[in-house]
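Excluded from the calculations below are hydrogen atoms, water molecules and symmetry mates; all remaining heavy atoms, backbone and side chain alike, are included. Atoms within each ligand, like the ligands themselves, are counted from 1 in listed order.
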Amino acid sequence: MRRPLIAGNWKMHNTAARTRELLGALQHELSGYSGPAEVAVCPPFTSLAAAAESVQNTSLVLGAQNMHYEEKGAYTGEISPLMLAELGCRYVILGHSERRQYFAEDDALINRKVRAALQYGLVPILCVGELLEQRQARVTEAVIRIQLAGGLAGLTPQQVAGLVIAYEPVWAIGTGKTASPADAQQVNAYIRQVVGEFFGGAAAQAVRILYGGSVNAGNAAELLGQADVDGALVGGASLDAAGFAAIVRAAR
Ligand code: PGA
């Protein structure tokens, strides 16, 4: 009922030339794939045009990693939702912990971006997740609740039903330390519960909730087998075609 989504977050990797190669290899790996997963790749801005060409006439879809909330204006260095929509992006990752940590993005800013993305027909992949200290202090649920309340403020239940939330514990990103499948399930179920409290049961049942943080070909099946894990946001392992394809095939 909820279609699994496997999204590759390439971060600051892959020139346009390398993007063409990697997407060619990925199509080769996935040729004949008939499983349930929707597969998205999120290259850096400068590779989006090359990626858009490469994914034409394939089942791969495109996402961006960030976005400004205005359509246009004097915002040097920024990229607007209109620009991403024109390139054929379906998804946009918003509120990634690296944006929160290194670029001082807070929930209010992320919320403006989420609302702008929806206005332009882009599907936000809203990232939430706790720091290691927060997990150790047992405040994971409180942190997630605040991030959801802030990030989703002002949205309608219908809008929330259509979006994607990614649970990414910050201590698991790029560290090789994955949340256990039970921990991922517990927090994803909590996210669904909070969405239900804020927006009602229908939105909670429809919203797709991914897990992200050191997902790889070896641990994907067990993580993706959890009832409330509707897919994966994959960083490092999405840079290798065979490894990423194996994660796609693990989706049920
Ligand atoms: P990772 O990154 O898979 O390299 O841990 C995940 C992410 O940051 O989205």
Side-chain angles (χ1 to χ4, degrees), residues 4-14 18-19 22 26 37-45 47-48 51 60-67 89-105 110 113-114 117 122-132 134-135 140 143-144 147-148 151 163-181 183-184 187-188 191 208-224 226 229-251:
L5 171 65
I6 307 296
N9 173 13
W10 290 4
K11 309 193 180 184
M12 198 169 72
H13 294 281
N14 297 331
R18 175 66 193 139
T19 292
L22 179 55
L26 184 59
E38 179 182 19
V39 185
V41 290
C42 305
F45 293 132
S47 294
L48 280 174
L60 300 174
V61 301
L62 208 54
Q65 300 173 16
N66 180 31
M67 186 195 87
C89 288
R90 177 178 301 179
Y91 292 103
V92 58
I93 298 170
L94 295 174
H96 190 279
S97 65
E98 287 152 17
R99 302 287 325 164
R100 294 179 190 258
Q101 187 180 351
Y102 304 132
F103 303 98
E105 294 200 6
I110 293 161
K113 295 184 178 197
V114 167
L122 300 162
V123 179
I125 300 177
L126 172 66
C127 300
V128 298
E130 82 285 5
L131 304 168
L132 181 59
Q134 293 168 330
R135 172 156 286 257
T140 296
V143 169
I144 301 275
Q147 290 174 337
L148 290 173
L163 60 75
V164 178
I165 298 170
Y167 168 53
E168 297 209 308
V170 179
W171 48 270
I173 294 177
T175 58
K177 289 186 200 136
T178 318
S180 71
D183 284 341
V187 178
N188 276 32
I191 291 171
R208 288 185 292 175
I209 307 174
L210 314 184
Y211 168 78
S214 297
V215 176
N216 60 44
N219 60 27
E222 218 188 330
L223 288 161
L224 293 167
Q226 305 300 310
V229 177
D230 304 319
L233 184 56
V234 184
S238 71
L239 301 174
D240 172 66
F244 187 58
I247 296 169
V248 170
R249 283 193 292 269

Closest protein heavy atom (residue, atom, distance) for atom 2 (O) of ligand 1: Lys11 NZ, 3.2 Å
Protein residue, atom and distance nearest to atom 3 (O) of ligand 1, heavy-atom basis: Gly235 N, 2.8 Å
Is it the side chain (CB and beyond), the backbone, both or neither of Ala166 that lies under 4.0 Å from ligand 1, heavy atoms counted? neither
Against heavy atoms of Leu233, which atoms of ligand 1 measure under 4.0 Å? 9 (O)
Shortest non-hydrogen pair, Gln65 vs Pro43, comes out as NE2-C, 3.3 Å
Looking only at heavy atoms, which two atoms of Leu48 and Ala64 are closest? And how far apart? CD1-CB, 4.2 Å
What I want to check is whether the side chains of Thr178 and Asn219 have a donor and an acceptor closer together than 3.5 Å. yes
Dump the intermediate steps for salt bridge (Lys or Arg N to Asp or Glu O under 4.0 Å) on Arg208 and Glu38, then the final yes or no. CA-CA 12 Å; Arg208 288 185 292 175; Glu38 179 182 19; 3.1 Å; yes
Please name the pair of heavy atoms, one in Leu210 and one in Ile125, separated by the smallest distance, quoted to 0.1 Å. CD1-CG2, 4.4 Å
Ser214: heavy atom below 4.0 Å from ligand 1, yes or no? yes
Which residue owns the protein heavy atom closest to atom 4 (O) of ligand 1, what's the atom, and how far is it? Gly236 N, 2.8 Å
Starting from atom 9 (O) of ligand 1, locate the nearest protein heavy atom and write down its residue, its atom name and how far away it is, to 0.1 Å. Glu168 OE2, 2.7 Å
Interatomic spacing from CG in Leu62 to OG in Ser47 - rounded to 0.5 Å: 10.0 Å
Ligand 1 to Ala172, heavy atom cutoff 4.0 Å, flagged ligand atoms 5 (O)
Derivation and outcome, side chain to side chain contact (heavy atoms under 4.5 Å, CB included), residues Glu130 and Tyr167: CA-CA 9 Å; Glu130 82 285 5; Tyr167 168 53; 2.9 Å; yes
Which ligand 1 atoms does Gly213 reach within 4.0 Å, using its non-hydrogen atoms? 5 (O)
Relative to the heavy atoms of Gly174, which atoms of ligand 1 are at a distance of less than 4.0 Å? 1 (P), 4 (O), 5 (O)
Which atoms from ligand 1 have a heavy atom of His96 less than 4.0 Å away? 7 (C), 8 (O), 9 (O)
Of the backbone atoms (N, CA, C, O) and the side-chain heavy atoms from C-beta on, which set of Asn9 has a member under 4.0 Å from an atom of ligand 1: side chain, backbone, both, or neither? side chain
Give a yes or no on whether Glu222 atom CD has more than 12 heavy-atom contacts from other residues, nucleotides or ligands under 6.0 Å away. no
